[in-house]
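The block underneath contains the structure these notes are about, expressed in structure tokens.
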Amino acid sequence: MGALTAAQARRIAVAAQGFTQAKPSGPLTRAHLRRLIDRIQVLQLDSVSVAVRAHYAPVFSRLGPYDRTVLDRAAWSHTERSPRLLVEYWAHEAALMAVEDWPLLRWRMRGYTHGRWRTGVAQANPRLADDVIAAVGELGPATAGQIETHLSASSHRGRGAWWKRSDVKWVAEELFAAGILTTATRVGFARHYDLVERVLPAAVLDRHVDDDEAVRELMLRAAGALGVGTEADLRDYFRLSAGQAKPAITALVADGELEPVTVEGWDAPAYLRAGQRIPRQDAGTALLCPFDPLIFFRPRVQRLFDFHYRIEIYTPAHRRKHGYYVWPFLLDGELVGRVDLKADRQRGALHVVGAFVEDGRDPSRVASALTGELESMTSWLGLDRVTVGDRGNLIPRLQKQ
């Protein structure tokens with residue numbers, strides 16, 4: 001069994017996530033995006049847009065400023081010349097993943113036959129589920145509201161006779177989780193559902209992957225994206241169960257795909273992706289949105305970076321320690337600070353609500369590097385300037401930049 005120092009594990013993790021790769025010298029292309037997805041696997045979706053929506057941020061953090069329509073087209077449009085590259089599903093949480101990976105999650109779709117949250121709405125109203133599918137078949141890509149309007153207009157019983165407004169949305173989401181509907185496109189981030197066979201290629205839908213093989217492949221993908229991790233780290237990436245993860249790890253070790261290692265300071269065995277290079281120096285500088293794959297799993301963040309991080313969106317304002325939407329700051333491969341950001345589009349400003357430097361870090365160095373990243377993000381978001389608030393121990397240094 002091999003052994004890694006804490007610093008080696010941290011460098012491996014940062015490199016595996018693509019932070020040490022050179023940024024494109026020109027505009028972002030589909031090829032750049034394809035390579036990034038091959039590396040990190042998923043882009044988590046989230047409705048919060050206080051700065052920028054979550055799925056856009058990891059691409060910026062790794063590849064620099066880019067035209068977001070490149071990602072939009074890859075995820076929510078399809079032409080013969082430019083086929084759909086990404087599709088939405090519950091891959092980590094709600095996430096964009098490669099179209100070709102759809103068959104790897106069919107076991108999950110079967111488990112979600114009655115929805116991810118098992119509200120019982122579809123089971124209680126089997127006719128409504130059939131009617132939603134039929135409505136989408138007639139309408140083409142449609143929001144839950146458009147589906148409801150269509151059903152109301154075509155129902156002789158009238159609105160509310162046998163289903164409530166919210167039921168249509170729940171049923172559409174249950175059908176999405178079951179792999180019957182998917183997202184054809186988004187407009188203003190509103191999901192437009194369509195039948196999966198009208199969105200994904202027949203070759204993808206026809207591909208069968210044995211459940212054990214699919215889980216094994218997902219664990220291998222997670223290991224590649226993480227570089228090194230414990231069983232808990234690896235299974236969290238695609239939200240697998242311990243019962244799925246343990247046999248998969250055993251098989252991957254036996255096949256030489258994973259190498260058991262110990263990591264200094266970790267209290268659980270770890271697994272290194274075979275062939276993973278161990279960088280000699282710390283590298284990688286970026287702002288990380290709360291849903292970045294590098295920091296998905298908070299216990300791993302604590303182990304790797306000695307950095308306690310919790311998202312405080314749902315914490316009452318008076319109890320928040322660092323802020324509403326806080327971005328950890330990666331500087332030369334280490335998490336050295338955090339910044340609460342808000343895009344104030346009316347004023348054309350990226351507003352730093354609060355900024356904090358970690359204990360033992362040089363505030364001047366952190367503030368200087370952070371200023372560069374904030375200016376880059378400001379330009380990327382089409383804003384004019386950075387404004388600085390008054391919360392946090394890094395604010396005085398930022399105000400001097």
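We number each residue from 1, following the sequence as shown.
- Annotation: cation-pi geometry not satisfied between Arg338 and Phe329 (NZ/CZ under 6.0 angstrom from ring centroid, within 45° of ring axis).
- Here Tyr66 and Phe60 keep their ring centres 6.0 angstrom or further from each other.
- When each of Thr387, Val388, Asp340, Leu383 is paired with His351, the side chain to side chain contact (heavy atoms under 4.5 Å, CB included) condition holds for Thr387 and for no other.
- Without hydrogens or angle criteria, Arg84 side chain to Ala184 main chain gives a donor-acceptor distance under 3.5 Å.
- Minimum heavy-atom separation, Trp327 to Cys289: CE3-N, 3.3 Å.
- Within a 6.0 Å radius of CG in Asp306, other residues, nucleotides and ligands contribute 12 heavy atoms or fewer.
- Atoms OG1 and CG, on Thr182 and Leu175 in that order, are 11.5 Å from each other to the nearest 0.5 Å.
- Using modelled atom types, one side-chain atom of Ser61 and one backbone atom of Leu287 make a donor-acceptor pair closer than 3.5 Å.
- Looking at Val132 and Leu128, their side chains come closer than 4.5 Å, going by heavy atoms from C-beta outward.
- Inter-residue side-chain proximity for His322 and Glu312 is flagged as met; some heavy-atom pair is nearer than 4.5 Å.
- Between the CZ atom in Arg73 and the CG atom in Leu86 there is a gap of 14.0 Å [rounded to 0.5 Å].
- Arg310 is not listed as a side-chain neighbour of Thr315, based on a closest heavy-atom distance of 4.5 Å or more.
- Between Lys169 and Glu148 there is no salt bridge, since none of the side-chain N atoms of the basic residue sits less than 4.0 Å from a carboxylate O of the acidic one.
- Residue Pro293 comes nearest to Tyr237 through the heavy atom pair CB-OH, 3.3 Å, listed as atom of the first residue, atom of the second, then distance.
- For the atom pair OG1 of Thr185 and OH of Tyr193, the computed distance is 13.5 Å after rounding to the nearest 0.5 Å.
- Between Val353 and Leu341 the shortest side-chain heavy-atom distance does not fall below 4.5 Å.
- Remark: Arg53 is not positioned above the aromatic ring of Tyr56, lacking an NZ or CZ atom under 6.0 angstrom from the ring centre and at most 45 degrees off the axis.
- Nearest approach of Ile147 to Ala135, heavy atoms of both residues: CG2-CB, 4.0 Å.
- Between Ile295 and Pro328, the closest heavy-atom pair is CD1-CG, 3.8 Å.
- Between Phe307 and Tyr309, the two ring planes are tilted [angle within 30° to 60°].
- Residues Glu217 and Val209 form no side-chain contact, since every pair of their non-hydrogen atoms from C-beta on lies 4.5 Å or further apart.
- Separation of atoms CZ (Arg207) and CG (Leu104) is listed at 5.5 Å; rounding is to 0.5 Å.
- For the pair Arg191 and Phe176, the cation sits on the ring face: its NZ or CZ lies under 6.0 Å from the ring centre, inside 45° of the axis.
- Contact record, Pro83 with Arg30: O-NH2, 2.8 Å, taken as the closest heavy-atom pair.
- Remark: Lys321 NZ is loosely packed, at most 12 non-hydrogen atoms of other residues, nucleotides or ligands lying under 6.0 Å away.
- Side chain to side chain, Arg62 and Gln17 meet the donor-acceptor criterion of an N or O pair below 3.5 Å.
- Looking at heavy atoms from C-beta onward, Val301 lies out of side-chain contact with Phe296 at the 4.5 angstrom threshold.
- In this structure, Arg221 pairs ionically with Asp101, as a charged nitrogen and a carboxylate oxygen lie closer than 4.0 Å.
- Heavy atoms of other residues, nucleotides or ligands lying less than 6.0 angstrom from CG of Asp255 number more than 12.
- Taking the six-membered ring where the residue is Trp, the centroids of Phe238 and His92 are separated by 6.0 Å or more.
- Scanning both residues, Arg397 and Ala367, for their nearest heavy atoms gives CB-CB, 3.6 Å.
- Residues Arg385 and Thr378 bring no donor and acceptor atom of their side chains to less than 3.5 Å of each other.
- Residues Arg239 and Glu93 are in side-chain contact: their nearest non-hydrogen atoms beyond the backbone lie under 4.5 Å apart.
- Leu71 places a side-chain heavy atom less than 4.5 Å from the side chain of Leu43.
- Between the side chains of Thr69 and Asp72, no donor-acceptor pair is found at a separation under 3.5 Å.
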Apply ring-ring contact (aromatic ring centres under 6.0 Å, His included) to the pair Trp76 and His55, showing each step before the final yes or no. CA-CA 13 Å; Trp76 297 303; His55 59 288; 5.4 Å; yes
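- For the pair Arg68 and Trp380, the distance from NZ or CZ to the six-membered ring centre is under 6.0 Å and the angle to the ring normal is within 45 degrees.
- With Gln276 contributing its side chain and Val228 its backbone, the two residues share no donor-acceptor pair below 3.5 Å.
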